Engineer: 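One structure, as structure tokens, below. Some questions next.
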Protein chains: 2
Amino acid sequence: MTYTLAEEDYLKAIYKIAERHGTPVSTSAIAELMQTRPASVTDMLKKLADKELIDYKRYHGVSLTRTGARQATLLIRKHRLWECFLVDKLGFSWDEVHEIAEQLEHIQSDTLIDRLDDYLENPKFDPHGDPIPDASGAYRMRYQILLSDLGLHQPAVLVGVREHASSFLQYLDQNRLALGATLEVIEVLPYDGSVRLRLGDGEPILISGQVARQLYVRQTTESA
Amino acid sequence: MTYTLAEEDYLKAIYKIAERHGTPVSTSAIAELMQTRPASVTDMLKKLADKELIDYKRYHGVSLTRTGARQATLLIRKHRLWECFLVDKLGFSWDEVHEIAEQLEHIQSDTLIDRLDDYLENPKFDPHGDPIPDASGAYRMRYQILLSDLGLHQPAVLVGVREHASSFLQYLDQNRLALGATLEVIEVLPYDGSVRLRLGDGEPILISGQVARQLYVRQTTESA
DNA sequence: TTTGTACTTTAGCCCCGTCTAAATTCTTCA
DNA sequence: TGAAGAATTTAGACGGGGCTAAAGTACAAA
């Protein structure tokens with residue numbers, strides 16, 4: 001019932017890759033995400049398979065078992081709740097919390113995490129707009145689309161970020177692109193896909209197509 | 001500048017033993033406190049000595065160097081601040097927090113601990129009445145004596161506990177012996193050293209000499 | 001001064017998680 | 001169909017941290 005730090009890290013990595021790119025998850029994808037060597041990954045996969053946390057066929061990648069997915073979801077719950085704590089209570093900014101939450105998520109205590117959840121008033125999303133699973137591992141996906149897929153003049157709210165790199169988040173801060181901001185696409189430049197948008201009721205700003213593809217928005221009216 | 005989990009645990013153990021029983025600290029004392037084998041302790045002592053965290057002479061015990069003591073104090077600071085957080089913010093009781101704080105104290109982030117300190121409003125004592133070192137490692141000892149050394153009819157306040165075992169703390173709870181309680185010794189039974197005392201303005205209660213030797217009190221007047 | 005006993009260290013082994021180098025398997029394309 | 005090339009796994013090794021068994025050291029008592 002209790003796993004090592006390394007095992008937990010692998011489970012989370014597999015979960016994340018599966019979420020983005022589907023299953024099965026390749027050895028090299030895990031190695032890349034975890035900054036380690038494929039040979040090391042193979043070793044660990046055997047151990048995880050022995051513990052029935054993953055389904056593993058040599059040369060054909062892995063997927064999480066029910067138990068493995070359960071555990072991964074729990075880790076994500078812990079990670080995101082700690083991020084809320086760091087931002088909401090301790091005053092960290094959203095680009096500073098990842099590293100610390102990576103450590104905190106390994107603290108073993110169900111009571112602790114449940115009480116933390118209550119203390120934070122059961123948040124449903126973390127500071128990056130990612131959903132927080134409940135104690136049973138369930139979470140609801142919010143309706144959201146990429147800003148790059150938002151129609152012209154369609155009012156929307158910024159609800160999440162796909163990219164979590166500090167430099168990206170700092171860039172957003174500098175451009176007043178905070179979660180909850182209302183916005184509307186004014187123009188998409190045909191040459192390179194850059195997007196001009198109105199933020200709240202301020203002056204229009206220009207962001208690259210690259211950035212637009214990293215932002216999740218929710219439309220705020222049902223018009224075309 | 002950054003140490004492994006095991007190294008940190010050893011430093012803290014050595015610090016604690018030195019605090020209670022003085023220096024040098026024996027291999028077997030460390031082994032007993034850490035629930036490990038003397039042979040394992042010897043192995044680790046060599047490593048800590050190589051890193052100049054302890055002074056170590058074969059067969060003659062160890063003491064912490066300045067650097068080692070600094071690190072141990074920092075760990076204790078972290079441990080005690082986390083205990084405050086768990087009790088004051090998350091509503092844990094004082095007998096539930098030790099295990100969790102043992103894990104939390106290893107989280108590496110100076111910023112985190114400083115912000116936690118501020119968030120808790122820079123407490124000077126943890127839930128067991130133990131002093132919390134400041135960021136520089138300094139802390140002030142409170143004036144305190146053992147309840148077993150308190151004179152008859154001498155008004156005093158319960159300020160700390162020497163024993164941290166859950167069962168002991170729960171026993172105190174059941175007898176309304178909480179930190180901050182005012183008390184006065186009414187009688188010491190000659191037969192076994194049991195102490196009868198008045199707690200606040202309630203009925204007298206009887207505690208064993210054994211228990212009285214685990215409680216720290218501060219006298220509240222200068223009489224006799 | 002010697003010796004018995006308790007304490008400590010050494011020697012040698014184990015498991016975890018990682019690595020490099022070499023071998024194997026998969027896949028794709030001519 | 002049959003390689004070439006990419007991905008993956010195996011083999012063998014290492015450092016961290018722990019254990020047992022055996023050997024060495026200290027110290028108190030005679």
Side-chain angles (χ1 to χ4, degrees), chain A residues 1-14 17-18 20-64 68 71-72 75 102-103 105-106 108, chain B residues 1-14 17-18 20-64 68 71-72 75 102-103 105-106 108:
Chain A
M1 293 306 180
T2 182
Y3 307 102
T4 68
L5 208 140
E7 285 169 348
E8 292 192 339
D9 284 339
Y10 274 95
L11 290 176
K12 219 181 60 160
I14 295 166
I17 298 167
R20 278 174 193 62
H21 307 292
T23 197
V25 171
S26 76
T27 299
S28 51
I30 299 169
E32 193 197 337
L33 182 59
M34 298 194 61
Q35 301 277 62
T36 184
R37 296 300 181 163
S40 311
V41 175
T42 298
D43 289 342
M44 182 57 87
L45 294 185
K46 286 186 220 157
K47 293 171 195 164
L48 294 176
D50 286 347
K51 300 192 178 184
E52 303 194 2
L53 293 167
I54 60 172
D55 289 318
Y56 172 48
K57 294 271 156 62
R58 279 194 329 304
Y59 294 101
H60 294 293
V62 299
S63 57
L64 294 171
Q71 190 59 27
L75 282 164
E102 286 283 296
Q103 297 181 62
E105 73 191 8
H106 295 293
Q108 317 262 194
Chain B
M1 294 305 181
T2 181
Y3 307 102
T4 68
L5 209 141
E7 286 168 348
E8 292 192 340
D9 284 339
Y10 275 95
L11 289 177
K12 220 181 60 161
I14 295 166
I17 298 167
R20 277 173 193 61
H21 306 291
T23 198
V25 171
S26 76
T27 299
S28 53
I30 300 169
E32 193 197 337
L33 182 59
M34 299 196 59
Q35 301 278 62
T36 186
R37 297 302 183 161
S40 311
V41 174
T42 299
D43 289 343
M44 180 58 87
L45 293 185
K46 286 187 219 155
K47 293 172 195 165
L48 294 176
D50 286 348
K51 300 191 178 185
E52 304 194 358
L53 293 166
I54 59 173
D55 289 317
Y56 172 47
K57 294 271 157 61
R58 278 196 325 309
Y59 293 102
H60 293 289
V62 300
S63 58
L64 293 172
Q71 189 59 28
L75 283 164
E102 286 284 296
Q103 298 181 59
E105 73 190 9
H106 296 292
Q108 316 263 189

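Not measured: the values here are computed from a predicted model. Atoms considered below: every heavy atom in the structure, side chains included; atoms not considered: hydrogens, waters and symmetry mates.
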Engineer: With B:Leu33 as reference, evaluate B:Val41, B:Val25, B:Asp9, B:Ile17 under the side chain to side chain contact (heavy atoms under 4.5 Å, CB included) test and give the passing residue.
Structural biologist: B:Ile17
Engineer: Which part of the nucleic acid does B:Ala39 contact within heavy-atom distance under 4.0 Å: base, sugar-phosphate only, or nothing?
Structural biologist: base
Engineer: Counting just side-chain N and O atoms, does A:Thr4 come under 4.0 Å of either OP1 or OP2 of C:dG17?
Structural biologist: yes
Engineer: How close do B:Leu64 and B:Ile54 get, counting heavy atoms only, and between which atoms?
Structural biologist: CD2-CG2, 3.8 Å
Engineer: Run A:Gln108 and A:Glu8 through side chain to side chain contact (heavy atoms under 4.5 Å, CB included) and show every step you take.
Structural biologist: CA-CA 11 Å; A:Gln108 317 262 194; A:Glu8 292 192 339; 3.9 Å; yes
Engineer: Applying the salt bridge (charged side-chain N to carboxylate O under 4.0 Å, His left out) test to B:Glu7, which of B:Lys51, B:Lys12, B:Lys46, B:Lys47 qualifies?
Structural biologist: B:Lys51
Engineer: Whole-Å distance between D:dG16 P and B:Lys46 NZ?
Structural biologist: 13 Å
Engineer: If you apply the rule side chain to side chain contact (heavy atoms under 4.5 Å, CB included), what do you find for A:Glu105 with A:Glu102, and how did you get there?
Structural biologist: CA-CA 6 Å; A:Glu105 73 191 8; A:Glu102 286 283 296; 4.0 Å; yes
Engineer: Can you check the B:Asp50 CG to D:dG16 P distance for me, whole Å?
Structural biologist: 10 Å
Engineer: Near DNA chain D, counting only heavy atoms under 4.0 Å, which residues of residues 53-62 of chain A show up?
Structural biologist: A:Tyr56, A:Arg58, A:Tyr59
Engineer: Indicate yes or no: at least one non-hydrogen side-chain atom of A:Thr42 is less than 4.5 angstrom from one of A:Tyr56.
Structural biologist: yes
Engineer: Quickly work out the B:Asp43 CG to C:dC13 C1' distance and round it to whole Å.
Structural biologist: 12 Å
Engineer: Less than 4.5 Å apart, any side-chain heavy atom of B:Leu53 and any of B:Ile14?
Structural biologist: no
Engineer: May I ask you to verify if any side-chain N or O of A:Ser40 is less than 4.0 angstrom from the OP1 or OP2 atom of C:dG17?
Structural biologist: no
Engineer: Near DNA chain C, under 4.0 Å by heavy atom, which residues of residues 23-31 of chain B?
Structural biologist: B:Ser26, B:Thr27, B:Ser28
Engineer: Whole-Å distance between C:dT10 P and B:Leu45 CG?
Structural biologist: 11 Å
Engineer: In this structure, how many angstroms lie between the C1' atom of C:dT9 and the NZ atom of B:Lys47, rounded?
Structural biologist: 14 Å
Engineer: Would you kindly give the CE-to-P distance between A:Met44 and D:dT9, to the nearest whole Å?
Structural biologist: 14 Å
Engineer: Locate the shortest heavy-atom distance separating A:Ala6 from A:Met44; write the atom from each residue and the value.
Structural biologist: CB-CE, 3.7 Å
Engineer: Are any of A:Thr36's side-chain N or O atoms less than 4.0 Å away from OP1 or OP2 of C:dC19?
Structural biologist: yes
Engineer: Side-chain N or O of A:Tyr10 less than 4.0 angstrom from OP1 or OP2 on C:dC16?
Structural biologist: no
Engineer: Could you give the CD-to-P distance, from B:Glu7 to D:dG15, as a whole number of Å?
Structural biologist: 15 Å
Engineer: Whole Å only: how far is the CZ atom of A:Arg37 from the P atom of D:dA6?
Structural biologist: 17 Å
Engineer: Is there a side chain to side chain contact (heavy atoms under 4.5 Å, CB included) between A:Tyr3 and A:Leu48 once you walk through the steps?
Structural biologist: CA-CA 10 Å; A:Tyr3 307 102; A:Leu48 294 176; over 6 Å; no
